[in-house]
Structures are given as structure tokens and as C-alpha cells.
Enquirer: 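Mind looking over this structure? Questions follow.
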Amino acid sequence: MSAATRQLPEGRYGRSADADARTDRRLKVIGAVLGALTLVLLVWIGWDKIAGTEVSGQVITFQVVSDHEVQVHLEVRKNTDTEAVCTLRSVAEDHSEVGRRDVRLNQHSDRIDTVATIRTTSRGTSAELIGCQPTH
């Protein structure tokens with residue numbers, strides 16, 4: 001004895017199998033498009049974060065002017081359309097921080113040489129660049 005497969009009457013118990021298949025295909029296509037757009041957005045954000053706004057700097061020289069002032073010659077490299085801020089600090093002989101300054105660089109140039117003055121609370125014996133980063 002074999003069991004015969006019985007089909008339900010068309011349209012009597014809800015949607016047909018063809019309509020369900022079309023809906024499934026439509027949802028799969030929408031999901032694939034949204035997934036691809038999300039992937040493109042993440043790659044774009046990552047690329048911009050890694051390669052788009054690099055700023056680097058270095059202290060060329062520094063000079064202790066007085067017990068309350070250190071001058072720093074700073075060289076910064078960046079993209080021409082990027083504005084940046086570099087943080088400098090001066091330390092005393094016992095390695096305690098005696099002064100700090102943020103230097104804003106708004107010039108539209110890819111290489112900037114500037115001299116900044118750090119005001120100190122006591123005599124600074126050195127100056128160092130903590131870091132440079134783009135401003136947003």
C-alpha cells in the first residue's frame with residue numbers, strides 16, 4: 001500500500017507555494033544588497049581612518065629660554081587639507097612634567113615648520129612631542 005500525496009486546494013488555506021518562493025527570493029536579494037552596502041561602508045570607514053588622516057611630527061630642536069619658558073622647533077607632516085593639533089611637553093631634571101602645550105596647525109601645507117613656546121612652572125630641561133593628530 002502506498003500513501004498518495006494529497007495537495008490542498010489552491011488558495012483555500014493561505015498563500016500558494018509560488019508566492020512563498022517569490023517572497024523568499026525577494027528577502028534574500030534585499031538581505032544580500034544590505035549586507036553588501038554594510039560591507040562597503042565598513043571598508044570605506046576603515047580606509048579613511050587608516051590612510052586618510054595621517055599626521056606625524058618631530059621635535060627638531062629645543063632651547064631652554066628661562067626658568068619658565070622653553071622654545072621648541074617642531075616639524076609636522078600632514079595632508080594639505082588636514083588641520084592638526086600637536087601636544088608638546090617639557091620635563092624637569094627629575095623627569096616631572098613642568099609644562100604642556102597644544103599647538104594647532106591650520107596651514108594648508110603638507111610640511112609645517114613652527115616654533116612654539118611652552119610656559120613652565122619651573123625650569124624645564126627638555127622638550128618632547130607627545131603626539132600629533134588630525135582635528136575633526
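In this text the structure is predicted, and so the values were computed from the model without any measurement.
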Enquirer: Is it the case that the side chain of His73 and the backbone of Ile60 share a donor-acceptor pair, with hydrogens and angles ignored and the cut-off at 3.5 Å?
Expert: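 Here the side-chain-to-backbone pair does not exist.
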Enquirer: I'd like to know if the side chain of Ser90 and the backbone of Ser126 have a donor-acceptor N/O pair within less than 3.5 Å.
Expert: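 Present.
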Enquirer: With a 4.5 Å heavy-atom cut-off, do Ile118 and Val72 have their side chains touching?
Expert: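 In short, these two side chains touch, coming nearer than 4.5 Å.
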Enquirer: Short question: side chain of Ser96, backbone of Val91 - any donor-acceptor pair under 3.5 Å?
Expert: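 Judged by distance alone, no pair lies under 3.5 Å.
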Enquirer: Report the C-alpha distance between Asp113 and Arg111 in whole Å, list the side-chain angles of each, state the deciding distance to 0.1 Å, and finish with yes or no for side chain to side chain contact (heavy atoms under 4.5 Å, CB included).
Expert: CA-CA 7 Å; Asp113 279 324; Arg111 183 177 169 271; 3.1 Å; yes
Enquirer: Take a 6.0 Å sphere around CD of Glu93 and say whether it holds more than 12 heavy atoms from other residues, nucleotides or ligands.
Expert: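 For Glu93, atom CD is not crowded (no more than 12 foreign heavy atoms under 6.0 Å).
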Enquirer: Thinking salt bridges, do Arg22 and Asp24 make one under a 4.0 Å N-O criterion?
Expert: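 Salt bridge flag = no for Asp24 with Arg22.
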Enquirer: Between Val98 and Val64, is there shared hydrophobic-cluster membership here, with clusters defined by ILVMFWY side-chain heavy atoms closer than 4.5 Å?
Expert: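 As far as the 4.5 Å side-chain criterion goes, Val64 and Val98 are not connected within one cluster.
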Enquirer: Do you know which of Glu83, Lys78, Gln133 makes side-chain contact (heavy atoms from CB on, under 4.5 Å) with Val55?
Expert: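 Going through Glu83, Lys78, Gln133 one by one, the side-chain contact (heavy atoms from CB on, under 4.5 Å) with Val55 is satisfied by Lys78 alone.
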Enquirer: Do you know the tightest heavy-atom contact between Thr87 and Arg100?
Expert: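 Of all heavy-atom pairs spanning Thr87 and Arg100, the closest is CG2-NH1, 3.7 Å.
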Enquirer: Could you give the distance from OG1 (Thr125) to CZ (Phe62), rounded to the nearest 0.5 Å?
Expert: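 Separation between the atoms: 7.0 Å.
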Enquirer: Just how far is it from atom CZ of Arg77 to atom CD of Gln58, taken to the nearest 0.5 Å?
Expert: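 If I round to the nearest 0.5 Å, the distance is 8.0 Å.
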Enquirer: Between Val85 and Ile112, is there shared hydrophobic-cluster membership here, with clusters defined by ILVMFWY side-chain heavy atoms closer than 4.5 Å?
Expert: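 Not linked; separate clusters.
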Enquirer: Grab the two heavy atoms, one from Leu88 and one from Ala116, that are nearest each other, plus how far apart they are.
Expert: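 Closest approach of Leu88 to Ala116: CD1-CB, 3.9 Å.
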Enquirer: Exactly one of Val33, Val40, Leu41 should register a side-chain contact (heavy atoms from CB on, under 4.5 Å) with Leu37. Which one does?
Expert: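 Answer after filtering Val33, Val40, Leu41: Val33.
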Enquirer: Is a donor on one side and an acceptor on the other found under 3.5 Å between the side chain of Asn79 and the backbone of Asp81?
Expert: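 Not a single qualifying donor-acceptor pair exists.
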Enquirer: How long is the gap from OG1 on Thr23 to CZ on Arg25, to the nearest 0.5 Å?
Expert: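 So the gap between those two atoms works out to 9.0 Å.
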Enquirer: Show, in sequence, the C-alpha distance, side-chain angles and deciding distance for Ser56 and Val76, and conclude whether the side chain to side chain contact (heavy atoms under 4.5 Å, CB included) test is met.
Expert: CA-CA 6 Å; Ser56 65; Val76 178; over 6 Å; no
Enquirer: Nearest 0.5 angstrom please: Glu97 CD to Arg89 CZ, how far?
Expert: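 Here the interatomic distance stands at 5.0 Å.
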Enquirer: Measure the OG1-CG distance between Thr135 and Asp102 for me, rounded to the nearest 0.5 Å.
Expert: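 Rounded to the nearest 0.5 Å, the OG1-CG separation comes out at 11.5 Å.
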Enquirer: Report yes or no: do Thr80 and Asp110 form a side-chain donor-acceptor pair below 3.5 Å?
Expert: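 No donor-acceptor contact under 3.5 Å links the two side chains.
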Enquirer: Restricting to non-hydrogen atoms, name the atom on Thr120 and the atom on Glu69 that form the minimum distance, rounded to 0.1 Å.
Expert: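 Distance-wise, the nearest heavy atoms are OG1-N, 3.4 Å.
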Enquirer: For the atom pair CG (Leu74) and CZ (Arg101), what is the distance rounded to the nearest 0.5 Å?
Expert: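 Going from CG on Leu74 over to CZ on Arg101, the span is 10.5 Å.
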